[in-house]
Each structure stands twice: as C-alpha cells, then as structure tokens.
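See below for the structure under consideration.
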Amino acid sequence: MSAPTYTRPPRSTPGGVDIRLPWWALALPVLAFVALLLLILNPADAHAAAEQPAISHLLERLEQLTAR
C-alpha cells in the first residue's frame with residue numbers, strides 16, 4: 001500500500017512577502033500629515049478655530065492631556 005505524497009503549493013513570490021494594504025492605510029497618514037503641515041504654515045487658522053466654545057474646550061482638554 002503506497003502512502004499519498006504531498007507537494008508544496010507554488011510560492012507566489014520567490015523570496016519575498018506579498019502584502020497588499022488597503023487604500024486608506026496610506027491615505028490616512030497622508031491626510032494627517034497635510035493637516036498638520038497646514039496648521040504649521042498658517043497658525044492663524046488654528047487660533048480662529050479656538051475661539052469657538054466647543055472647540056476651545058476640546059483644545060484645552062487636549063492640552064491638559066499632553067502636558068502630563
């Protein structure tokens with residue numbers, strides 16, 4: 001009685017790993033970078049946004065959390 005032989009499946013990439021990222025895995029860091037770059041280039045817009053009560057409360061809370 002002969003034993004069944006198992007062969008290895010063919011490798012998709014010989015010598016490397018094939019990883020595909022979703023589109024948002026690149027888009028989100030790029031979007032965050034652009035937003036921070038715009039705040040650095042034009043800080044007057046960030047100051048104008050801080051004059052609104054809800055946003056100023058959020059920014060104050062964020063500042064308290066980062067100060068710790």
Exercise for review: May I ask you to check whether over 12 heavy atoms, not counting those of Q64, lie within 6.0 Å of atom CD?
Suggested key: yes
Study note, to complete from the structure: Output for pair (L65 CG, E60 CD), nearest 0.5 Å, gives 12.0 Å
Point to revise | Separation of L36 CG from L31 CG (nearest 0.5 Å) | key: 9.5 Å
Review point. Is L28 reachable from W23 through a run of I, L, V, M, F, W or Y residues, each pair having side-chain heavy atoms under 4.5 Å apart?
Key: yes
